[in-house]
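A short write-up of the structure that comes next.
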Amino acid sequence: MSYNRVLNSYPEYKQALIEALVHASEFPSYEDTTKQVSLQAAEEAHDPLLALFTQREFNDVETIMELQYRRFGRIDEGLFWSALAYVSAHVEAAPSDELHALFAKASLHTSHIPEDHVFRQWHDVHMEYFAEPIAYISSFLSKEARQYSNDELCIVLNQVLVWNGLAKRGWVALPNPRTNFISIARGKRQIFVGPSNVRLGPKRLTGLLLHEVYIHALWKEYYKDHDTNTEEGIGTLVEQLTLSNFHPLRMYRFLAICLAVGVDGTKRSMREVYELLVEMRQKLHPQEAVGSARLFVAKEVVRVFRNLPPEVPGFVYIRDKIYLEHSSDIWSKLTADVASRERYAQLVAPWEEKI
């Protein structure tokens, strides 16, 4: 039994949380999630954190958070302030008092964001390295941003899996109501797509397809010496480099974790985190419809709070911090390196040196 399986065990409850956030209504009854799940896998793994999540025993939040830090690592506080500084630099409208105070603190910290010329150099290398799959994906994608259902995303993923030969190895994309957006079942060679519709432009979707197919699926086939954190960091890098300019992708889930645990000194509940991130989103994307902004942020916030008690300040599932943290670590290395196809291949296809 995995953390994802345990913490995604109540898809209807999570959907109700999303709707409650979007419509500023009452949260669903938490009692709906208290039924037991088999403890056998947790006990066999000797994993006390998984056992507590499985049993839904959340009386000692401090202990559970400490167990999470031991398993997933401490939060990169410098990256939190750097991400806030990025938001501050890209908003035009005046922020609320709370957000203004956060931006003021962020301005005192060193930035983790790569400079434009560094991003441009690696962007050019990336576009050359993935030229063929990007050209193929571009041949059938809509040229405009559009909304995709889980069935439509599965169709697109399966097209790429067939084109690059992974379908012949057994890889397939399937809808899964328990999945947060997209997840990988490596042992089964399956890519699961969650139930929510998503709105993606062609570059964002192209980057996502490269991440799932050319990092997760290919790494499963050819690269055994890796860990999940590195894999997610490289996948996020690939998505970033498919865009025309740098964006700290997965930023909202990272900020949601940081704001919840109180990196700035204030622990927050799910709704408090949500309202602050909605303000950030609306100021970063003033042209976006309010309903769309609220729905996007709600999905990101519920992703990191999962089905934990929503009213408890400082209590959140911190695993998803790895996306932005490991992407940042990689950018630190790339800033010091000379941009080249060979160096990029070492990152995105490390097994090639062993072939």
Side-chain angles (χ1 to χ4, degrees), residues 1-10 14 33-34 36-80 83 112 178-187 192 215-216 219-220 223-236 250-264 267-270 273 300-310 312-330 332:
M1 184 176 295
S2 68
Y3 283 89
N4 277 341
R5 182 177 175 186
V6 169
L7 291 171
N8 293 338
S9 295
Y10 312 95
K14 288 168 59 183
T33 74
T34 57
Q36 294 265 332
V37 181
S38 170
L39 286 177
Q40 182 179 356
E43 291 170 348
E44 290 176 354
H46 303 291
D47 187 336
L49 176 61
L50 182 58
L52 288 171
F53 280 143
T54 304
Q55 295 174 82
R56 320 295 297 155
E57 291 188 1
F58 301 139
N59 295 325
D60 190 349
V61 171
E62 185 174 338
T63 294
I64 296 175
M65 294 305 299
E66 184 58 37
L67 288 171
Q68 289 199 72
Y69 292 134
R70 292 177 189 175
R71 181 169 183 85
F72 304 116
R74 296 285 170 177
I75 294 170
D76 185 339
E77 296 187 6
L79 182 57
F80 165 70
H112 287 57
R178 296 179 182 272
T179 292
N180 284 301
F181 191 24
I182 293 180
S183 64
I184 301 289
R186 289 173 178 78
F192 292 140
I215 303 301
H216 288 317
W219 281 37
K220 154 65 181 173
Y223 189 40
K224 310 304 178 185
D225 303 327
H226 70 95
D227 68 329
T228 301
N229 293 350
T230 299
E231 191 173 311
E232 294 293 6
I234 296 296
T236 302
R250 312 301 191 274
M251 177 184 73
Y252 287 92
R253 64 188 63 168
F254 177 76
L255 289 176
I257 292 168
C258 294
L259 292 169
V261 303
V263 170
D264 64 312
K267 294 181 179 180
R268 296 173 178 86
S269 67
M270 179 189 287
V273 169
E300 291 291 281
V301 169
V302 171
R303 178 186 173 97
V304 298
F305 277 85
R306 305 290 173 109
N307 49 36
L308 301 177
V312 180
F315 190 29
V316 69
Y317 182 52
I318 69 169
R319 185 262 180 189
D320 280 352
K321 69 188 182 67
I322 66 171
Y323 293 91
L324 198 61
E325 286 184 345
H326 285 270
S327 172
S328 176
D329 289 342
I330 294 165
S332 295

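Bear in mind that the values here come from a model prediction, so they are computed numbers and not experimental data. Hydrogens, waters and symmetry mates are skipped; everything else that's a heavy atom, side chains included, is used.
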Self-check item: Validation row: Thr230, Tyr223 side chains within 4.5 angstrom (heavy atoms)
Solution: no

Quiz item: So which heavy atom on Val301 is nearest to which on Met270, and how close?
Solution: CG1-CG, 3.6 Å

Quiz item: Residues in side-chain contact (heavy atoms from CB on, under 4.5 Å) with His326, at least two apart?
Solution: Asn229, Ile322, Asp329

Exercise. Please round to the nearest 0.5 Å and tell me the distance separating atom CG of Asp47 and atom OG1 of Thr54.
Key: 8.5 Å

Practice problem: Report yes if the side chains of Thr228 and Arg319 come closer than 4.5 Å at any heavy-atom pair, otherwise no. | Solution: yes

Practice problem: Apply side chain to side chain contact (heavy atoms under 4.5 Å, CB included) to the pair Asp320 and Arg250, showing each step before the final yes or no. | Solution: CA-CA 9 Å; Asp320 280 352; Arg250 312 301 191 274; over 6 Å; no

Practice problem: Quick one: closest heavy-atom pair of Phe58 and Leu308, and the distance? | Solution: CZ-CD2, 3.6 Å

Self-check item: Straight-line distance of Glu77 CD to Cys258 SG, nearest 0.5 Å
Solution: 8.0 Å

Self-check item: Pairwise distance CG(Leu324) to CG(Asp76) - rounded to 0.5 angstrom
Solution: 8.5 Å

Quiz item: Mind checking whether His216 and Glu232 have side chains closer than 4.5 Å, heavy atoms only?
Solution: yes

Practice problem: Output the distance between atom CD1 (Ile182) and atom CZ (Phe192), rounded to the nearest 0.5 Å. | Solution: 12.5 Å

Self-check item: Val304 side chain reached by Lys321 side chain, heavy atoms, under 4.5 Å
Solution: no

Quiz item: Would Phe72 and Leu49 satisfy side chain to side chain contact (heavy atoms under 4.5 Å, CB included), going step by step from the backbone distance to the final call?
Solution: CA-CA 11 Å; Phe72 304 116; Leu49 176 61; 4.2 Å; yes

Quiz prompt | salt bridge (charged side-chain N to carboxylate O under 4.0 Å, His left out) partners of Lys14, counting only residues at least two apart | solution = none

Quiz prompt | Any donor-acceptor N/O pair, Gln55 side chain to Ala51 backbone, under 3.5 Å | solution = yes

Quiz item: Within the distance-only criterion (no hydrogens, no angle test), does the side chain of Arg306 pair as donor or acceptor with the backbone N or O of Arg303 below 3.5 angstrom?
Solution: yes

Exercise. Report the residues that fulfil ring-ring contact (aromatic ring centres under 6.0 Å, His included) with Tyr323, sequence neighbours left out, ordered by chain and then residue number.
Key: none

Quiz item: Excluding sequence neighbours, so at least two apart, what forms side-chain contact (heavy atoms from CB on, under 4.5 Å) with Glu300?
Solution: Tyr252, Arg253, Phe296

Quiz prompt | Heavy-atom pair with the smallest gap, counting every atom of Ala83 and Leu255 | solution = CB-CD2, 4.0 Å

Quiz item: Side-chain contact, heavy-atom cut-off 4.5 Å: Phe305 with Pro310?
Solution: no

Practice problem: Go through the steps to decide whether Phe80 and Ile257 satisfy the test side chain to side chain contact (heavy atoms under 4.5 Å, CB included), and finish with yes or no. | Solution: CA-CA 10 Å; Phe80 165 70; Ile257 292 168; over 6 Å; no

Quiz prompt | Counterpart residues, salt bridge (charged side-chain N to carboxylate O under 4.0 Å, His left out), relative to Asp264 (two or more places apart) | solution = Arg268

Practice problem: Please work out which of the three classes, parallel, tilted or perpendicular, describes the rings of Tyr3 and Tyr317, given edges at 30° and 60°. | Solution: parallel

Quiz item: Roughly how far apart are Glu231 CD and Thr236 OG1, rounded to 0.5 Å?
Solution: 10.5 Å

Quiz item: Got a sec, which residues hit salt bridge (charged side-chain N to carboxylate O under 4.0 Å, His left out) with Glu66, two or more places apart in sequence or on another chain?
Solution: Arg70, Arg74

Self-check item: Residue pair Tyr69 / Val261, side-chain heavy-atom distance below 4.5 Å
Solution: yes

Quiz prompt | Nearest heavy-atom neighbours spanning Ile330 and Gly233 | solution = CD1-C, 3.4 Å

Quiz item: Taking atom CG of Asn59 and atom CG of Leu52, what is their separation to the nearest 0.5 Å?
Solution: 10.0 Å

Exercise. List the atom of Met65, the atom of Ile318, and the distance in Å for their closest heavy-atom pair.
Key: CE-CG2, 3.9 Å

